[in-house]
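Heads up: the structure comes next, in structure tokens.
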Amino acid sequence: MLIPIDVPFDLANTLQSGQAFRWRFDGEWHQGVVFGNVVRIRQSATGLELATQPDDESYLEPLLRDYLGLGVDLDVVYTSLSPDRRLSQAIERYSGMRILHQDPWECLVSFICSSASNIPRITRNIESICAAFGRPLGTGGPPLYTFPTPGELADAGPEGLRRLGLGYRAEYLADTARAIAEGRVDLMTLREAPYEGALRELTALAGVGDKVANCVLLFSLDKPEAFPVDVWVQRALQEWYLEGSERKLSKLNMRLWARDRFGPHAGYANQYLFHARRLQGRNGEERSHS
DNA sequence: AGCCAGGCCCTCC
DNA sequence: GGAGGGCCTGGC
């Protein structure tokens, strides 16, 4: 099935920019598990080619449009951000990179796992969690699994999760899974809530501080002003924007500074700065795109 | 061998 | 409120 696309969109940069951890690229197709389906997708000159199972492509198509962030008018975002010279350059380089609209539960678990870790390890951790506690999806190829529900992870318990190599994140995950499973926090409700209130509810969860919460708010809870400050964004701000004593701002104060500077679309500014800075490597050397 | 990761949490000042 | 150290595990 072909989905026509007539707006700015870059599938590869959208799926491989550290927002989600279950997409694999084989040089031609991107394959992932979303909405309980194995989804294979690739971009052509006219649109997106799609193959899904077990459900029909026609059923997944609107869901995927939403997931891929195609509902957002990127021209509005770009117009708002491009007066900034750094951003206009990044927008030109990575034009069409979008912020995903993910499932909040999967997003929350993923970023709890991300603390003091790296993408290869996070990816392995998430895959282990799905293989151990998710539901198998018949594919014919290597086995794939759905993302486990809050109840399934709560039942796994801290010991079950520790066995997967999650380290100290296992306790956080078990606690948070229980809080969600028991309905103490309703993630879907947070989509309608204002930013500040949703942030407070999220940071009350185990293993969720300001950075993780802002990732969840930005990538899954419809908060375009969210601005997660990790070490990459911290470096980008310090090297490209801040002067003198401003460089010593705490990460939390950097978030406030950025919200003030970039405005209601600060989240998109964050994603483009993050991507641009990360591709430069730890010491600022250019890194090849392999 | 030792240090540091795409943080969080707790203690202490 | 904010600076500092500990925390699992893995990679350099």
Side-chain angles (χ1 to χ4, degrees), chain A residues 13-23 90 94 97 99-100 102 106-129 132 156-180 185 199-220 226-240 245-258 266-285 287:
Chain A
N13 271 328
T14 298
L15 294 181
Q16 312 291 340
S17 52
Q19 303 179 55
F21 301 94
R22 297 202 71 194
W23 291 97
Y94 312 116
M97 177 173 66
I99 288 175
L100 292 171
Q102 302 186 51
E106 177 171 341
C107 191
L108 176 62
V109 170
S110 299
F111 284 96
I112 288 176
C113 290
S114 77
S115 119
S117 189
N118 51 72
I119 288 184
R121 185 182 177 191
I122 300 165
T123 301
R124 279 200 310 276
N125 287 163
I126 298 296
E127 240 17 78
S128 301
I129 288 172
E159 322 80 21
L161 290 167
R162 268 233 187 226
R163 277 194 277 278
L164 304 181
L166 291 164
Y168 60 82
R169 303 159 196 82
E171 276 76 23
Y172 296 154
L173 230 42
D175 282 356
T176 289
R178 195 143 38 87
I180 304 296
V185 173
L199 175 63
R200 272 194 302 277
E201 285 211 48
L202 287 176
T203 52
L205 295 167
V208 183
D210 196 75
K211 190 272 177 181
V212 168
N214 272 275
C215 285
V216 177
L217 291 167
L218 181 59
F219 300 142
S220 72
F227 195 91
V229 180
D230 59 32
V231 297
W232 296 106
V233 170
Q234 180 182 35
R235 286 182 192 126
L237 294 182
Q238 285 172 337
E239 294 169 17
W240 297 340
S245 63
E246 280 185 325
R247 295 193 175 155
K248 298 185 174 124
L249 287 175
S250 68
K251 288 184 177 179
L252 187 135
N253 281 323
M254 285 191 188
R255 169 166 72 74
L256 299 175
W257 180 94
Y268 256 97
N270 183 288
Q271 183 61 22
Y272 277 79
L273 293 175
F274 169 80
H275 197 60
R277 186 59 189 81
R278 193 161 72 91
L279 291 178
Q280 277 188 25
R282 189 170 324 191
N283 301 312
E285 77 279 10
R287 201 202 288 180

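The model shown is predicted, which means the values in this text are computed figures rather than measured ones. Throughout, protein chains are lettered first and strands after them, A, B, ... in sequence-line order, and every chain is numbered starting at 1.
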> Just checking A:Gly18: base, sugar-phosphate only, or nothing, at a heavy-atom cut-off of under 4.0 Å?
Replying inline: base

>> Return whichever of A:Arg169 or A:Ala204 has its heavy-atom-nearest nucleotide of DNA chain B closer to the 5' end.
In response: A:Arg169

>> Distance check needed: C:dT9 C1' versus A:Ile126 CD1, whole Å only.
In response: 15 Å

> A:Ile119 has an atom CD1; how far is it from atom P of C:dC12, in whole Å?
Replying inline: 15 Å

> Which part of the nucleic acid does A:Val208 contact within heavy-atom distance under 4.0 Å: base, sugar-phosphate only, or nothing?
Replying inline: sugar-phosphate

>> Distance check needed: B:dC9 P versus A:Lys211 NZ, whole Å only.
In response: 13 Å

> How long is the span from the OG atom in A:Ser110 to the CD1 atom in A:Ile129, to the nearest 0.5 Å?
Replying inline: 8.0 Å

>> Suppose you measure atom P in C:dA3 against the same atom in B:dG6; what distance do you get, rounded to whole Å?
In response: 22 Å

>> I want to verify a distance call: between C:dG10, B:dC9, C:dG2, whose nearest atom is closest to the A:Arg124 side chain?
In response: C:dG10

> A:Gly207 or A:Asp230: which one's nearest nucleotide on DNA chain B is closer to the 5' end?
Replying inline: A:Asp230

>> Output the rounded distance in Å from CG (A:Asn214) to C1' (B:dC8).
In response: 14 Å

> What distance, rounded to whole Å, do you find between the two P atoms, one in B:dA1 and one in C:dC8?
Replying inline: 22 Å

> At under 4.0 Å between heavy atoms, what does A:Leu205 touch on the DNA or RNA strands: base, sugar-phosphate, or nothing?
Replying inline: sugar-phosphate

> Which base, if any, makes a Watson-Crick or G-U wobble pair with B:dG6, both distances under 3.5 Å?
Replying inline: none

>> Distance check needed: B:dG6 C1' versus A:Phe111 CZ, whole Å only.
In response: 8 Å

>> So A:Asn253, base contact, sugar-phosphate only, or nothing? Heavy-atom distance under 4.0 Å.
In response: sugar-phosphate

>> Please pick, from B:dG6, B:dC8, C:dC7, the nucleotide with the shortest atom-to-atom distance to any side-chain atom of A:Val212.
In response: B:dC8

>> Walk me through whether A:Phe111 and A:Phe21 qualify under ring-ring contact (aromatic ring centres under 6.0 Å, His included).
In response: CA-CA 10 Å; A:Phe111 284 96; A:Phe21 301 94; 5.5 Å; yes

>> Less than 3.5 Å apart, any donor N or O on the side chain of A:Asn125 or A:Ser128 sitting next to an acceptor on the other?
In response: no

> Taking atom types as they are modelled, is there a donor-acceptor pair under 3.5 Å from the base of B:dG7 to the side chain of A:Tyr168?
Replying inline: yes

> Which pair of non-hydrogen atoms, one from A:Val212 and one from A:Val208, has the smallest distance, and what is that distance?
Replying inline: CG1-CG1, 4.0 Å

> Across the strands shown, which category fits A:Ala206 at heavy-atom distances under 4.0 angstrom: base, sugar-phosphate, nothing?
Replying inline: sugar-phosphate

>> How many whole angstroms separate atom CZ of A:Arg255 from atom P of C:dG1?
In response: 15 Å

> For atom CZ of A:Arg163, is the number of surrounding heavy atoms from other residues, nucleotides or ligands below 6.0 Å larger than 12?
Replying inline: no

>> Nearest whole Å is fine: how far is C:dT9 P from A:Leu166 CG?
In response: 9 Å

> How long is the span from the CD atom in A:Glu171 to the CD atom in A:Glu159, to the nearest 0.5 Å?
Replying inline: 8.5 Å

> Between A:Ser115 and A:Asn118, who's closer to the 5' end of DNA chain C by nearest nucleotide?
Replying inline: A:Ser115

> To the nearest Å, how far apart are A:Leu279 CG and B:dG6 C1'?
Replying inline: 13 Å

